[in-house]
Asker: 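My structure is below; once you've seen it, I'll send some questions.
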Amino acid sequence: MLEQVSIEEALDRKYPEWLVFIVTHDPEGHDDIMPAGWCMSCSANPPMLAIALGERRHTRELVERTGEFAVAFCGAGQVEAITYTGTHSGREVDKIAALGLATQPGVATSVPLIVGCPLIFECRLAGVM
């Protein structure tokens, strides 16, 4: 079961910097996941994270279409998932199903939360640059 903590504790748990999974879905309910190394805190009040996604990435398209996503910090034992999700496109395969990743419903969004990640932020899109 995932544990909810304060934003302050969550930001403290973020160090040392780790790879993250960006978890998304489309309006039809198909979920997607990709690894990213580009995530940083950019505001404490309101709490905001900045992520970098390539313009042609399927994940970016889904984030822009739905306006929501999760940033899930990778946990121990997830090397295979990091490698697989970084070498396959969600346009072609359901990566969550292919890996057999356990999920549970989001609390603040309709994005699934990946069980086994030590820290997950549910996010709403605030802007695109």
Side-chain angles (χ1 to χ4, degrees):
M1 191 64 138
L2 295 175
E3 172 190 10
Q4 283 187 283
V5 297
S6 70
I7 188 67
E8 292 82 12
E9 183 176 347
L11 289 172
D12 284 343
R13 289 185 184 186
K14 169 178 174 328
Y15 298 101
E17 296 286 347
W18 295 347
L19 286 175
V20 297
F21 289 120
I22 307 300
V23 186
T24 58
H25 63 89
D26 65 21
E28 292 77 40
H30 303 105
D31 302 323
D32 191 45
I33 182 173
M34 72 163 275
W38 321 283
C39 176
M40 64 181 236
S41 175
C42 61
S43 174
N45 188 17
M48 297 178 79
L49 296 174
I51 61 172
L53 302 173
E55 288 185 21
R56 296 182 303 191
R57 294 283 179 210
H58 182 60
T59 299
R60 181 179 175 139
E61 176 186 325
L62 297 180
V63 168
E64 290 180 358
R65 283 177 62 195
T66 65
E68 61 182 18
F69 59 99
V71 175
F73 286 75
C74 301
Q78 292 182 315
V79 173
E80 177 185 349
I82 293 165
T83 301
Y84 184 86
T85 59
T87 57
H88 292 79
S89 172
R91 287 187 180 97
E92 299 159 5
V93 63
D94 180 339
K95 295 182 270 186
I96 293 173
L99 288 167
L101 295 176
T103 63
Q104 67 183 58
V107 175
T109 67
S110 57
V111 176
L113 306 180
I114 306 298
V115 174
C117 291
L119 175 63
I120 303 172
F121 291 94
E122 291 183 82
C123 305
R124 297 200 190 283
L125 183 62
V128 176
M129 295 180 81

Asker: With clusters defined by side-chain heavy atoms of hydrophobic residues (ILVMFWY) lying less than 4.5 Å apart, directly or transitively, does Leu49 cluster with Val128?
Answerer: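 Hydrophobic grouping puts Val128 with Leu49.
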
Asker: Ignoring hydrogens, what is the shortest heavy-atom contact between Thr109 and Cys123? Give both atom names and the distance.
Answerer: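 Shortest heavy-atom separation between Thr109 and Cys123 comes out as CG2-O, 3.9 Å.
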
Asker: For Arg91, does the CZ atom have more than 12 heavy-atom neighbours from other residues, nucleotides or ligands under 6.0 Å away?
Answerer: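 Counting neighbours around CZ of Arg91, more than 12 heavy atoms of other residues, nucleotides or ligands fall under 6.0 Å, so yes.
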
Asker: Using side-chain heavy atoms (C-beta onward) and a distance below 4.5 Å, is Ile7 in contact with Phe121?
Answerer: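 Yes - at least one pair of side-chain heavy atoms lies under 4.5 Å apart.
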
Asker: If you round to the nearest 0.5 Å, how far is NE2 of His58 from CE of Met34?
Answerer: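 Between Met34 CE and His58 NE2, I get 11.5 Å after rounding to 0.5 Å.
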
Asker: Of all heavy-atom pairs between Val20 and Cys39, which one has the smallest distance, and what is that distance?
Answerer: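 Shortest heavy-atom separation between Val20 and Cys39 comes out as CG2-CB, 4.0 Å.
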
Asker: Would you name the heavy atoms of Ala98 and Val93 that are closest together and state the gap between them?
Answerer: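 Shortest heavy-atom contact: CB-CG2, 4.3 Å.
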
Asker: Show every salt bridge (Lys or Arg N to Asp or Glu O under 4.0 Å) that has at least one partner inside residues 108-122, sequence neighbours left out.
Answerer: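 Listed once each, the pairs would be none.
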
Asker: State yes or no: do Met48 and Leu125 share one hydrophobic cluster built from I, L, V, M, F, W and Y residues joined by side-chain heavy-atom distances below 4.5 Å, directly or via other members?
Answerer: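 Shared cluster, no.
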
Asker: Atom CD1 of Ile120 and atom CD of Gln4: how far apart are they, to the nearest 0.5 Å?
Answerer: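 Nearest 0.5 Å value for the CD1-CD distance: 11.0 Å.
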
Asker: Can you tell if the side chain of Val63 reaches within under 4.5 Å of the side chain of Arg60, non-hydrogen atoms only?
Answerer: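 They are not in contact (no side-chain heavy atoms under 4.5 Å apart), so the answer is no.
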
Asker: Decide if atom CZ of Arg57 counts as having more than 12 heavy atoms of other residues, nucleotides or ligands within a radius under 6.0 Å.
Answerer: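 Counting neighbours around CZ of Arg57, 12 or fewer heavy atoms of other residues, nucleotides or ligands fall under 6.0 Å, so no.
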
Asker: Name the one of Thr59, Ile51, Leu53 that satisfies side-chain contact (heavy atoms from CB on, under 4.5 Å) with Phe69?
Answerer: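 So the option named by the test is Ile51.
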
Asker: Taking Glu9 for the side chain and Ser6 for the main chain, is one N or O donor matched with an acceptor at less than 3.5 Å?
Answerer: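 Side chain of Glu9 to backbone of Ser6: no pair is present.
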
Asker: For the CD1 atom of Ile33 and the CD1 atom of Ile114, what is their distance to the nearest 0.5 Å?
Answerer: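 Rounded to the nearest 0.5 Å, the CD1-CD1 separation comes to 4.0 Å.
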
Asker: Nearest 0.5 Å, what's the CD1-CH2 distance between Ile22 and Trp38?
Answerer: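 If I round to the nearest 0.5 Å, the distance is 9.0 Å.
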
Asker: Just how far is it from atom CD of Gln78 to atom CG of Leu101, taken to the nearest 0.5 Å?
Answerer: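 So the gap between those two atoms works out to 7.5 Å.
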
Asker: Only counting residues at least two apart or in another chain, list the ones meeting side-chain contact (heavy atoms from CB on, under 4.5 Å) with Glu80.
Answerer: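 Result, side-chain contact (heavy atoms from CB on, under 4.5 Å) vs Glu80: Leu99.
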
Asker: Flag the pair Asp32 / Val23 as yes when at least one side-chain heavy-atom distance between them is below 4.5 Å, and no otherwise.
Answerer: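 SC-SC contact between Asp32 and Val23 ruled out.
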
Asker: Do Phe21 and Ile82 have side chains that approach each other closer than 4.5 Å (heavy atoms only, starting at C-beta)?
Answerer: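 Yes. Closest side-chain heavy atoms under 4.5 Å.
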
Asker: With rounding to the nearest 0.5 angstrom, report the OG1 to CG distance, Thr66 to Asp26.
Answerer: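 The CG atom of Asp26 is 8.5 Å from OG1 of Thr66, to the nearest 0.5 Å.
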
Asker: What are the two closest heavy atoms between Ala72 and Cys117, and how far apart are they?
Answerer: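 Closest pair (atom of Ala72, atom of Cys117, distance): CB-SG, 3.7 Å.
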
Asker: Holding to ring-ring contact (aromatic ring centres under 6.0 Å, His included), I want the full list of residues that pass it with His30, two or more places apart in sequence or in another chain.
Answerer: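 By the ring-ring contact (aromatic ring centres under 6.0 Å, His included) rule, His30 matches no residue at all.
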
Asker: For a 4.5 angstrom cut-off between non-hydrogen side-chain atoms, does Leu19 reach Pro35?
Answerer: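 No, too far: nothing below the 4.5 Å cut-off.
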
Asker: Taking the side chain as C-beta and beyond, is there a heavy-atom pair between Glu61 and Thr24 under 4.5 Å?
Answerer: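 Sidechains of Thr24 and Glu61: no contact.
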
Asker: Output yes when a side-chain donor or acceptor of Lys95 lies under 3.5 Å from a complementary backbone atom of Tyr84, and no otherwise.
Answerer: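 No.
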
